[in-house]
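To start, the structure under review is shown below, and the notes come after it.
What you see below is based on every heavy atom in this structure, not just the backbone, and it leaves out hydrogens, waters and symmetry mates.
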Amino acid sequence: MSTPYREFAPPDRLKQFVECFWTVNPASALQEYPVLPDGCVDIVHSPSVARGLQLVGTMTTARRFAISAGDVQFGVRFRPAMSRSFLPLPGPETVDKSIALSDIWGTCGSRLNQQISETQSVSQCIGLLEERLANPRDITVLQRICTSIVEQAGQVRIDDVAFQAGFSPRQLRRLFLEQVGLSPKQFCRVIRFRSSLSSFSGRGCADWAQMALDCGYYDQAHFINEFRQFSGYTPGEFAAVGR
């Protein structure tokens with residue numbers, strides 16, 4: 001499944017918060033373009049969406065979108081948990097949801113949507129969003145914890161994470177649910193799944209049992225079940241389809 005998807009690196013001042021800016025610009029219509037859970041929140045502009053710029057919250061299952069030929073999708077992908085530095089919404093309000101940016105940023109969101117809608121250049125769209133992301137809030141303890149979990153590919157013990165941060169497991173769970181919208185365990189599962197996707201490149205005919213162990217799963221069955229839950233495919237099906 002080859003798709004004209006491109007990523008653009010953020011400026012240095014945003015690299016702590018933003019993974020990338022991105023575009024999808026299909027030459028032919030895509031009936032079911034898959035987007036997989038990755039622990040991230042995106043701001044997305046699609047010409048076909050009446051309400052314009054949308055916040056797309058952290059996903060717990062794959063979603064599929066129909067994209068018309070030449071219907072350029074543009075967005076910014078925040079690193080896991082880092083969207084709160086610009087979009088301070090309670091986590092449960094955003095998980096598996098799309099929210100009009102004008103409902104969050106008010107007139108600023110509406111103005112930004114109009115500016116991006118009238119812009120023909122990707123670089124100008126990026127510039128407009130970069131300008132709006134000029135004053136992030138201070139990094140919180142929980143954001144640092146999430147960054148550490150990402151760096152460890154989700155392969156952590158929650159009790160150890162809580163202890164090292166000076167929280168009880170119950171306190172950590174409450175903070176995760178309030179700020180991220182997922183429990184610590186759910187967040188680690190999503191990050192572990194996301195990390196497993198990188199194991200597909202260059203493997204050819206994969207040894208699924210070894211991949212499962214490399215990615216921190218108990219065994220091959222555990223890996224396959226988790227992968228199917230998040231992507232809708234078994235690992236073998238996903239490798240055959242490609243992206």
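With hydrophobic clusters built from ILVMFWY side chains whose heavy atoms lie under 4.5 angstrom apart, F163 does not share a cluster with I145. By the criterion of side-chain heavy atoms lying less than 4.5 angstrom apart, applied directly or through intervening Ile, Leu, Val, Met, Phe, Trp or Tyr residues, V44 is not grouped with I99; the two fall into different hydrophobic clusters. A continuous path of ILVMFWY side-chain contacts below 4.5 Å connects V150 to I158, so both sit in one hydrophobic cluster. By the criterion of side-chain heavy atoms lying less than 4.5 angstrom apart, applied directly or through intervening Ile, Leu, Val, Met, Phe, Trp or Tyr residues, Y233 is grouped together with F230 in one hydrophobic cluster. Note on M82 and L142: separate hydrophobic clusters, where clusters join Ile, Leu, Val, Met, Phe, Trp and Tyr whose side-chain heavy atoms are under 4.5 Å apart, directly or indirectly.
In this structure, N113 contributes its side chain and L53 its backbone to a donor-acceptor pair below 3.5 Å. With hydrogens and angles disregarded, no donor-acceptor distance shorter than 3.5 Å links the side chain of S68 to the backbone of D71. N225 places a side-chain N or O within donor-acceptor distance of the main-chain N or O of A221, the cut-off being under 3.5 Å. At distances below 3.5 Å, at least one donor-acceptor pair connects side-chain atoms of Q186 with backbone N or O atoms of S183. Counting only distance, with no hydrogens or angles, the side chain of D207 and the backbone of A209 share a donor-acceptor pair below 3.5 Å.
For residues 46-74, the set of pairs meeting the ring-ring contact (aromatic ring centres under 6.0 Å, His included) definition, not counting sequence neighbours, is empty. The list of salt bridge (charged side-chain N to carboxylate O under 4.0 Å, His left out) pairs with a residue in residues 117-136, not counting sequence neighbours, is empty. Sorted by first then second residue, the salt bridge (charged side-chain N to carboxylate O under 4.0 Å, His left out) pairs that include residues 133-158, not counting sequence neighbours, are R157-D160.
Tested against H222, the residues F227, Y217, F193, W208 include a single ring pair (Phe, Tyr, Trp, His ring centres under 6.0 Å) partner, Y217.
What you find for V180 and C146 is that their closest heavy atoms are CG2-SG, 4.1 Å. Taking all atoms of both residues into account, the shortest heavy-atom contact from A153 to I191 is C-CG2, 3.9 Å. In terms of heavy-atom proximity, P4 sits nearest to P26 at CG-CA, 3.4 Å. Nearest approach of D38 to R194, heavy atoms of both residues: O-NH1, 3.1 Å.
Between V56 and R63 there is a side-chain heavy-atom pair separated by less than 4.5 Å. With contacts defined as side-chain heavy-atom distances shorter than 4.5 Å, the pair V161/F167 does not qualify. With a 4.5 Å cut-off on side-chain heavy atoms, S98 and L55 do not count as touching. Residues S117 and H45 meet the side-chain proximity criterion, which asks for heavy atoms closer than 4.5 Å. Side-chain contact check for C215 versus S195: every heavy-atom pair is 4.5 Å or farther apart. Counting heavy atoms from C-beta outward, V35 and R64 have side chains that stay 4.5 Å or more apart. With a 4.5 Å cut-off on side-chain heavy atoms, E19 and P80 count as touching. Contact annotation: the side chain of E7 never approaches that of F21 to less than 4.5 Å [non-hydrogen atoms, C-beta and beyond].
Side-chain contact check for T119 and Q124: no donor-acceptor pair (N or O, by modelled atom type) lies under 3.5 Å. Using modelled atom types, one finds a donor on one side chain and an acceptor on the other under 3.5 Å when comparing D214 with Q210.
Rounding to the nearest 0.5 Å places CZ of R170 at 13.5 Å from CG of L175. R111 CZ to I116 CD1: the interatomic distance, rounded to the nearest 0.5 Å, is 13.0 Å. In this structure, CD in Q54 is found 9.0 Å from CD1 in I104, a value given to the nearest 0.5 Å. We find the CZ-CZ distance between F223 and R192 to be 10.5 Å, quoted to the nearest 0.5 Å. The OG atom of S46 lies 3.5 Å from the CD atom of Q73; values are rounded to the nearest 0.5 Å.
Remark: F8 CZ is packed, more than 12 non-hydrogen atoms of other residues, nucleotides or ligands lying under 6.0 Å away. Within a 6.0 Å radius of CZ in R173, other residues, nucleotides and ligands contribute 12 heavy atoms or fewer.
For E237 and R228, the salt-bridge test fails: no basic side-chain N is under 4.0 Å from an acidic carboxylate O.
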Which side-chain N or O atoms in residues 84-96 pair as donor and acceptor under 3.5 Å with protein atoms at least two apart or in another chain?
unit_1, atom_1, unit_2, atom_2, d
R84, NH1, L89, O, 2.7
S85, OG, Q143, NE2, 3.2
T94, OG1, G91, O, 3.0
D96, OD1, T60, N, 2.8
D96, OD1, T60, OG1, 3.4
D96, OD2, T60, OG1, 2.6

side-chain contact (heavy atoms from CB on, under 4.5 Å) evaluation trace for I43 with F78: CA-CA 8 Å; I43 293 174; F78 295 98; 3.9 Å; yes
side-chain contact (heavy atoms from CB on, under 4.5 Å) evaluation trace for L112 with W105: CA-CA 10 Å; L112 180 61; W105 282 346; 3.9 Å; yes
Worked verdict on F238 versus L197 for side-chain contact (heavy atoms from CB on, under 4.5 Å): CA-CA 10 Å; F238 184 82; L197 294 176; 4.0 Å; yes
Could you check S110 against Q114 for side chain to side chain donor-acceptor pair (under 3.5 Å), going step by step and ending with a plain yes or no? CA-CA 6 Å; S110 299; Q114 181 177 354; over 6 Å; no
side-chain contact (heavy atoms from CB on, under 4.5 Å) between I67 and V24, intermediate numbers included: CA-CA 9 Å; I67 305 177; V24 177; 4.1 Å; yes
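Geometrically, R79 does not engage F17 in a cation-pi contact defined by less than 6.0 Å to the ring centre and at most 45° from the axis.
With sequence neighbours excluded, the residues that form a side chain to side chain donor-acceptor pair (under 3.5 Å) with D103 are R51. With sequence neighbours left out, the side chain to side chain donor-acceptor pair (under 3.5 Å) criterion links Q155 to no other residue.
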